[in-house]
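Structure first, then comments.
Just so it is clear, the values below take in all heavy atoms, side chains as well, and ignore hydrogens, waters and symmetry mates.
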Protein chains: 2
Amino acid sequence: MNIGDVAARSGVPPKTIRYYEDIGLVRPERSANGYRAFRETDVHKLTFLGRARALGFSIENCRALLALWEDDRRASAEVKRIASIHLEEIDRKIAELGEMRETLADLVDACAGDLRPDCPIIHSLTSGSAPRDA
Amino acid sequence: MNIGDVAARSGVPPKTIRYYEDIGLVRPERSANGYRAFRETDVHKLTFLGRARALGFSIENCRALLALWEDDRRASAEVKRIASIHLEEIDRKIAELGEMRETLADLVDACAGDLRPDCPIIHSLTSGSAPRDA
DNA sequence: CCTTGACCTTCCACCTGCTGGAACCCCTAC
DNA sequence: GTAGGGGTTCCAGCAGGTGGAAGGTCAAGG
């Protein structure tokens, strides 16, 4: 199977597949003409990678998950551990973005958005106070 | 004022300040010895930048906001426009992370996390089905 | 006067995770 | 034979810094 077919079937773009080979996530064979020759398992691997990436797992986590995926004698605890840590990280990011959102929404709300130069957003970025009062 | 003092007062690390000079966000003078010589306004600018970055504004948005900050005749509408667009982007990111979180939380929840190899997380990444039932 | 240590300078490499493009090869169809 | 749609390699670049090496500067202490 050529890279284009694999890309179509796994949903991972050819460029990305080549990159994944580069960093050792997949190791396709080579045909006589120099083309990468993928097996069914490679398609499965890449699909797996695509899903893991879509859940926000880092490449390094993907590498670990892939190893566990390939290991019949894995302990599900290890998978759960990786996923839990990642989940916490996502929660942290959501919290961080949520705080940004709150502050920013308040500022946008407080700004008249007209032709006058006076602007609570600029003011807040300058002096660091949120426009809670006023 | 030397870069260390400015860093301490603005909260922006020296390395980052140099980088900001590199990309033209600040333009400190130079002392006879070659050291960067910052004025009070540079401290204010960097503080402004630090706050804007903390709110997640991109460097290019920061550049635009800085220009508006320096323009006495700005229209607050322009500031609000930039902030609103950024706010929408944050909302999109939060939504995206929220979806990841949901899926991942379900998976983590469904995983026994013991010594057995059977794992809904791995299974979901393999076959694409969430463990809604079971 | 010399040294020590904390500054400062520049430049270059690295991080994450790809993506775009150039220059080239291969294979099939017409 | 030639046009097209594959494939290949390698190099550069995105954001937004960060780390480190090699070296210059300056104030204080011996």
Side-chain angles (χ1 to χ4, degrees), chain A residues 1-38 42-43 45-46 48-66 85-86 89-90 92-93 96-97 100, chain B residues 1-38 42-43 45-46 48-66 85-86 89-90 92-93 96-97 100:
Chain A
M1 217 179 328
N2 284 347
I3 200 166
D5 311 310
V6 181
R9 288 184 52 196
S10 67
V12 180
K15 277 276 190 189
T16 305
I17 297 177
R18 292 196 192 99
Y19 171 67
Y20 286 173
E21 184 188 10
D22 229 51
I23 61 174
L25 285 182
V26 279
R27 303 176 195 283
E29 316 260 310
R30 291 287 174 151
S31 306
N33 59 9
Y35 288 16
R36 286 168 184 81
F38 295 87
D42 293 320
V43 179
K45 255 194 201 184
L46 285 162
F48 181 95
L49 285 170
R51 295 215 177 96
R53 292 288 301 135
L55 284 180
F57 285 102
S58 71
I59 291 289
E60 281 323 298
N61 274 349
C62 285
R63 197 190 296 278
L65 289 173
L66 205 50
I85 291 174
H86 179 46
E89 206 145 297
I90 287 180
R92 266 194 298 280
K93 268 184 207 158
E96 194 187 332
L97 283 174
M100 279 185 195
Chain B
M1 217 180 328
N2 284 347
I3 200 167
D5 310 310
V6 181
R9 287 184 53 196
S10 68
V12 180
K15 278 276 192 190
T16 306
I17 297 177
R18 292 197 192 96
Y19 172 66
Y20 285 173
E21 183 186 9
D22 230 50
I23 61 175
L25 285 182
V26 279
R27 303 178 196 281
E29 316 261 311
R30 291 286 173 152
S31 305
N33 59 9
Y35 288 15
R36 286 168 184 82
F38 296 87
D42 294 319
V43 179
K45 255 194 201 184
L46 285 163
F48 181 96
L49 286 169
R51 296 215 176 95
R53 293 289 298 136
L55 283 181
F57 284 103
S58 71
I59 291 288
E60 281 324 298
N61 275 349
C62 285
R63 198 188 296 279
L65 289 172
L66 206 50
I85 291 174
H86 179 45
E89 206 144 297
I90 287 180
R92 267 194 297 280
K93 270 185 205 155
E96 194 187 334
L97 284 173
M100 281 186 194

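- An OP1 or OP2 oxygen of D:dG16 is reached within less than 4.0 angstrom by no side-chain nitrogen or oxygen of B:Thr16.
- Side-chain atoms of B:His86 never come within 3.5 Å of backbone atoms of B:Asn61 as a donor-acceptor pair (strictly under, hydrogens ignored).
- By the 4.5 Å heavy-atom criterion applied to side chains, B:Asp42 and B:Arg27 are not counted as neighbours.
- The shortest distance between the side-chain N/O atoms of B:Tyr20 and the OP1/OP2 oxygens of D:dG16 is not below 4.0 Å.
- Between A:Arg53 and A:Cys62, the shortest heavy-atom distance links the atoms CD-SG, 3.8 Å.
- Contact check of residues 55-64 of chain A against DNA chain C (heavy atom, cut-off under 4.0 Å) returns A:Ser58, A:Ile59.
- The interatomic distance linking A:Arg53 (CZ) with C:dT16 (P) rounds to 11 Å, in whole Å.
- In this structure, B:Asp22 places its CG atom 9 Å from P of C:dC11, rounding to the nearest Å.
- For the residue pair A:Arg63 and A:Ile23, the shortest heavy atom distance occurs at NH1-O, 2.9 Å.
- Annotation: ring pair (Phe, Tyr, Trp, His ring centres under 6.0 Å) contacts of B:Phe48 (sequence neighbours excluded): B:Trp69.
- Minimum interatomic distance between A:Leu66 and A:Leu25 (heavy atoms only, all atoms of both residues): CD2-O, 3.6 Å.
- Judged by distance alone, with hydrogens and angles left aside, the side-chain atoms of A:Asn2 form no donor-acceptor pair with the main-chain N or O of A:Gly4 at under 3.5 Å.
- Per the geometry, OH belonging to B:Tyr19 stands 11 Å off C1' belonging to D:dT18, to the nearest Å.
- The nearest whole Å value for the distance from the NZ atom in A:Lys93 to the C1' atom in C:dT16 is 11 Å.
- Whole-Å rounding puts the B:Ile17 CD1 to D:dG17 P distance at 12 Å.
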For this session: Give the B/S/- string for nucleotides 5-14 of chain D, one per nucleotide from 5' to 3', where a protein heavy atom under 4.0 Å of the base yields B, of only the sugar-phosphate yields S, and otherwise -.
Result: -BSBBB----
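- Under the 3.5 Å distance criterion, the side-chain polar atoms of B:Arg36 are left unmatched by any main-chain donor or acceptor of B:Arg18.
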